[in-house]
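Numbered from 1 within each chain, the chains take letters A, B, ... in sequence-line order.
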Number of protein chains: 2
Amino acid sequence: MSTHTHPSSAESLITAQGGRITRTRVAVLEILLAADQSLTHDEIGLALAEQGIKHDRVTLYRTLDWLVESGVAHKMAGDDRARRFGVAASGPHEHAHFHCDRCGKVVCLEGLQPAVAVNLPGGYQLDRAELVLHGACPTCGKGA
Amino acid sequence: MSTHTHPSSAESLITAQGGRITRTRVAVLEILLAADQSLTHDEIGLALAEQGIKHDRVTLYRTLDWLVESGVAHKMAGDDRARRFGVAASGPHEHAHFHCDRCGKVVCLEGLQPAVAVNLPGGYQLDRAELVLHGACPTCGKGA
DNA sequence: GGCGCAAATGCTACTATGTTGCAAAACCAC
DNA sequence: GTGGTTTTGCAACATAGTAGCATTTGCGCC
């Protein structure tokens with residue numbers, strides 16, 4: 001297979017960050033790109049396994065860390081103690097998240113950063129704001 | 001010591017929630033009330049130890065959980081995987097938090113919930129919003 | 001194509017945070 | 001004080017994440 005089957009934007013994203021193209025890295029990034037929600041380390045590991053991609057827990061942690069450091073992905077702490085990962089939006093991670101309190105799903109809401117023109121008590125230097133909305137997602141909301 | 005040395009609002013808060021007055025519970029609540037920032041389970045445990053109050057790791061977890069359930073305290077996940085606790089403001093936990101990216105300190109910003117009148121993509125039912133501001137706190141900001 | 005080197009992986013073992021079950025102790029009403 | 005329920009303390013377990021190191025792999029270079 002000398003001709004690359006699909007032109008995968010994942011690979012170009014990786015090389016753009018000065019990283020090497022590896023099975024795990026490409027697969028993880030493609031999973032994140034395809035996902036419409038933030039995934040836990042565990043969920044990504046499961047997806048990898050389903051694709052028959054052999055991997056190690058530690059490797060996955062390091063791969064995800066690398067993606068975050070490179071600015072390709074972003075990391076966020078949820079209510080449970082598991083971190084969730086998603087591909088970063090165009091700009092810096094300046095977007096809101098919606099956390100469904102019923103199914104625990106977390107989706108990224110792009111282009112939704114509101115006016116966080118709050119009056120900080122002085123002395124505080126604002127760098128970035130993180131907004132997490134809690135409630136029910138469309139799927140869970142219907143059931144009620 | 002039949003006369004209570006200090007009239008502790010902690011005790012009244014506890015009884016108001018239908019809980020029993022115990023060493024640990026009162027001490028933990030007083031620590032939280034006195035703190036100007038959110039504390040981790042570990043920090044609280046350390047403070048208890050300094051006061052010579054014997055306690056168990058598990059007891060502390062349960063005490064904190066009880067406080068959160070009773071609405072007296074609130075729980076929040078930080079960047080590290082440790083949960084932080086603080087006394088809840090007057091209303092429900094409708095207030096913002098400031099996370100100092102240098103010292104890791106988390107303070108509650110009361111009366112600061114901004115207009116989160118974001119336009120949700122439809123289907124989403126908003127319950128509450130959690131706003132976390134990142135940057136440098138007054139102490140760390142000066143150093144730079 | 002083969003060579004060498006640095007980056008990335010995989011393994012084992014370890015730390016940290018949080019949870020569960022149960023018996024003993026403490027709290028509070030009487 | 002006594003009784004009954006809540007709370008504690010202990011031990012063992014569960015889950016999330018980290019560290020060190022030998023091996024493998026991607027990739028530039030010849």
Within the structure, does a side-chain N or O atom of [X] lie under 4.0 Å from either OP1 or OP2 of [N]?
X	N	value
A/Arg23	D/dT25	no
A/Thr24	C/dA8	no
B/Thr63	D/dT7	no
B/Thr40	C/dT17	no
B/Thr22	C/dA26	no

Please determine which of B/Lys75, B/Arg83, B/Arg84, B/Lys105 meets the side chain to side chain contact (heavy atoms under 4.5 Å, CB included) test together with B/Ser38.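 For B/Ser38, the side chain to side chain contact (heavy atoms under 4.5 Å, CB included) test succeeds with only one of B/Lys75, B/Arg83, B/Arg84, B/Lys105, which is B/Arg84.
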Between the side-chain atoms of [X] and the base atoms of [N], is any donor-acceptor pair under 3.5 Å?
X	N	result
A/Arg81	C/dT17	yes
B/Arg57	C/dG18	yes
B/Arg62	D/dG9	yes

Which nucleotide in the list [options] gets nearest to the side chain of [X]?
X	options	value
A/Asp56	C/dG18, C/dG10, C/dA8	C/dG10
B/Thr59	D/dT18, D/dG9, C/dG10	D/dG9
B/Arg83	C/dG10, D/dG9, C/dT19	C/dT19

Write down the distance between [atom1] ([X]) and [atom2] ([N]), rounded to a whole number of angstrom.
X	N	atom1	atom2	result
B/Tyr61	D/dG9	OH	C1'	15 Å
A/Ile14	D/dC27	CD1	C1'	14 Å
B/Glu43	C/dA16	CD	C1'	14 Å

Once the angle between the rings of B/His134 and B/His99 is folded into 0 to 90°, is it parallel (under 30°), tilted (30 to 60°) or perpendicular (over 60°)?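 Ring orientation of B/His134 relative to B/His99: tilted.
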Using the closest heavy atom to pick a nucleotide of DNA chain C for each, name whichever of A/Gly18 or B/Arg20 lands nearer the 5' end.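 Counting from the 5' end, the first nearest nucleotide belongs to A/Gly18.
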B/Leu48 side, atom CG; B/His55 side, atom NE2 - distance, nearest 0.5 Å: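 NE2 of B/His55 is found 5.0 Å from CG of B/Leu48.
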If I take atom CZ from residue A/Arg128 and atom CG from residue B/Asp101, how far apart are they, to the nearest 0.5 angstrom?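 Interatomic distance, A/Arg128 CZ to B/Asp101 CG, rounded to 0.5 Å: 5.5 Å.
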